[in-house]
Amino acid sequence: MENFDWTKFTIRIAVKAKLEEIYNAWSQASEIEKWFLSDASFTDENGVLLSKSQNALKGDRYKWIWYLYDDIENGTVTEANGKDEFQFTFAGNCLVDIKLREEFEYVVVELTQKNIPEDDNSKRNIRLGCHNGWSFYLINLKSVYEGGLDLRNKDNRFKPMLNN
């Protein structure tokens, strides 16, 4: 494990969908709630709440809430080109880069989380924990946009489980 990079990771998935759909899946509150969050909101630099169907822009802030978790994630959209790149702060000072590219009839979603601190807590909870979390949610993104099936557990009688 000597060459293991604890400061970042990249995972990819191919989703049979249109590029615009998958960009909106990250940048619109109404879409990100379909596969990732129980409640999402974006506000502009003046604190004005965006409509759930509006695309978040660079400099906008977000508030994200998951099913069955008490944690609330607040952060900033640091890049949003309206087409194939979306980046936001996450888990403290980490950055998550979303890069989309069309390949055949698919959109390849490449997620990189970087700037992960190297203390033991961050290695466990951010590097390993976020990798596991994003892996599940990217599979759920594919499932929702290809077939409509949401794999998340929303029943608080079952927690924690693989699909929380």
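Counting from 1, the numbers follow the sequence of the chain as shown. Only heavy atoms go into these numbers, but all of them, side chains included; no hydrogens, no water, no symmetry mates.
Ring-centre distance between F4 and W6: below the 6.0 Å cut-off. Ring pair W66/F36: centre-to-centre distance below 6.0 Å.
Not counting sequence neighbours, N93 has no partner by the side chain to side chain contact (heavy atoms under 4.5 Å, CB included) test. Partners of D71 according to the side chain to side chain contact (heavy atoms under 4.5 Å, CB included) rule, which considers only residues two or more places apart in sequence or in another chain, do not exist here. Residues that satisfy the side chain to side chain contact (heavy atoms under 4.5 Å, CB included) test with A80, not counting sequence neighbours, are Y23, V77, F86. Under the side chain to side chain donor-acceptor pair (under 3.5 Å) criterion, E102 pairs with no residue, sequence neighbours left out. Partners of K58 according to the salt bridge (charged side-chain N to carboxylate O under 4.0 Å, His left out) rule, which considers only residues two or more places apart in sequence or in another chain, are E79. For E45, the salt bridge (charged side-chain N to carboxylate O under 4.0 Å, His left out) criterion is met by no residue, not counting sequence neighbours. E21 is linked by a salt bridge (charged side-chain N to carboxylate O under 4.0 Å, His left out) to nothing, counting only residues two or more places apart in sequence or in another chain. In this view, T43 satisfies the side chain to side chain donor-acceptor pair (under 3.5 Å) rule with no residue, not counting sequence neighbours. Scored by the side chain to side chain contact (heavy atoms under 4.5 Å, CB included) test, E105 finds K16 as partners (sequence neighbours excluded). With sequence neighbours excluded, no residue satisfies salt bridge (charged side-chain N to carboxylate O under 4.0 Å, His left out) with D84.
The number of heavy atoms from other shown groups lying within 6.0 Å of NZ (K18) does not exceed 12. For D70, the CG atom is loosely surrounded, since the number of other residues' heavy atoms within 6.0 Å does not exceed 12.
With Y62 contributing its side chain and F88 its backbone, the two residues share no donor-acceptor pair below 3.5 Å.
Taking the six-membered ring for Trp and thresholds of 30 and 60 degrees, W26 and W35 have ring planes more than 60 degrees apart, a perpendicular arrangement.
Residue pairs meeting the salt bridge (Lys or Arg N to Asp or Glu O under 4.0 Å) criterion with at least one partner in residues 108-128, sequence neighbours excluded, are R12-E110, D97-K114. Contacts classified as salt bridge (Lys or Arg N to Asp or Glu O under 4.0 Å) and involving residues 133-147 (residues at least two apart or in different chains) are given here: K142-E146.
K83 has no carboxylate O lying under 4.0 Å from a charged side-chain N of E85, or vice versa, which leaves the two without a salt bridge.
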